[in-house]
2 protein chains.
Amino acid sequence: MKTLIREKRIEMDMTQEELSKKLKVSRQTIISLEKGKYKPSLILAHKLAQTFNCAIEELFIFEGDENIE
Amino acid sequence: MKTLIREKRIEMDMTQEELSKKLKVSRQTIISLEKGKYKPSLILAHKLAQTFNCAIEELFIFEGDENIE
DNA sequence: TAAAATTGTAAAGCCAACTTGACATACAAA
DNA sequence: TTTGTATGTCAAGTTGGCTTTACAATTTTA
């Protein structure tokens with residue numbers, strides 16, 4: 001899975017800390033998400049998409065067996 | 001969070017077991033999701049939405065503090 | 001009504017999402 | 001050089017998504 005979190009955050013001129021406070025998660029969570037260390041919960045994915053005014057499926061790009069076959 | 005999984009599954013004339021096999025999860029997982037016992041992972045939410053030909057945000061309805069404030 | 005199909009409950013276990021905290025690196029400005 | 005801001009690593013702990021197994025209840029169909 002790829003994510004455009006970093007790109008969209010920078011587009012909106014936000015720091016990791018600002019984003020983390022807006023979403024009420026730790027800054028470490030933002031770092032890890034941007035680095036692809038793990039995948040967000042559905043709720044967090046939704047809040048991220050809301051923040052960036054886009055659909056979840058625009059913010060996260062699913063690949064291979066993350067799609068149905 | 002509310003979900004339309006059950007409604008969409010029945011619309012498509014699928015049993016819980018058929019759906020679980022298509023998504024490669026346990027039937028118990030489908031039961032628990034339909035009953036609202038827990039929230040799916042992002043990947044599973046995506047596969048469900050794909051199965052039902054809709055966006056994640058159409059299949060799951062976020063409420064209250066599941067939205068940004 | 002009896003059999004079969006579908007849906008449901010309960011419980012124990014694994015692993016990943018997320019947290020907290022402490023510290024490191026890089027860069028810009030004073 | 002020193003200070004401040006932004007980003008990063010590491011590690012240990014908690015929680016909850018999902019699994020498996022076994023069995024019970026409900027609905028459908030013959």
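None of the values given here were measured: they were computed from a predicted structure. Quick note on labels: first sequence line is chain A, next is B, and so on, each numbered from 1. No hydrogens, no waters, no symmetry mates; every other heavy atom, side chains included, goes into these values.
Spacing between atom CD of B:Glu66 and atom P of D:dG16 amounts to 13 Å, rounded to whole angstrom units. When the P atom of C:dA10 is taken as reference, atom NZ of B:Lys37 falls 6 Å away, rounded to whole Å. Between B:Lys35 atom NZ and D:dG17 atom C1' the separation is 19 Å, expressed in whole Å. The distance between atom CG of A:Leu44 and atom C1' of C:dC18, rounded to the nearest whole Å, is 9 Å. Rounded to whole Å, the distance from CD1 on A:Ile43 to P on C:dA17 is 15 Å. Taking atom OH of residue B:Tyr38 and atom C1' of nucleotide D:dC18, one finds them 5 Å apart after rounding to whole Å. Distance NE2 (B:His46) to C1' (D:dG17): 18 Å, rounded to an integer number of Å. We find that CG of A:Leu33 is positioned 13 Å from P of D:dT9, with the value rounded to whole Å.
In this model, no donor atom of one side chain and acceptor atom of the other lie less than 3.5 Å apart for A:Glu66 and B:His46. Counting only N and O atoms by type, the side chains of A:Ser20 and A:Gln16 include no donor and acceptor under 3.5 Å apart.
The shortest distance between side-chain heavy atoms of A:Arg9 and A:Glu18 does not fall below 4.5 Å.
Within residues 6-28 of chain A, the residues having any heavy atom under 4.0 Å from DNA chain D are, by residue number, A:Arg6, A:Arg9, A:Thr15, A:Gln16, A:Arg27, A:Gln28.
Taking only side-chain nitrogens and oxygens, B:Ser32 never comes nearer than 4.0 Å to OP1 or OP2 of D:dG17.
Between A:Glu69 and B:Lys24 a salt bridge is recorded (basic side-chain N to carboxylate O distance below 4.0 Å). Ion pairing between a basic and an acidic side chain is recognised when a charged N comes within 4.0 Å of a carboxylate O; B:Glu17 and B:Lys21 show such pairing.
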Which is it for B:Thr3 and B:Leu33 under the side-chain contact (heavy atoms from CB on, under 4.5 Å) test, yes or no, and what are the steps along the way? CA-CA 8 Å; B:Thr3 180; B:Leu33 290 176; 6.0 Å; no
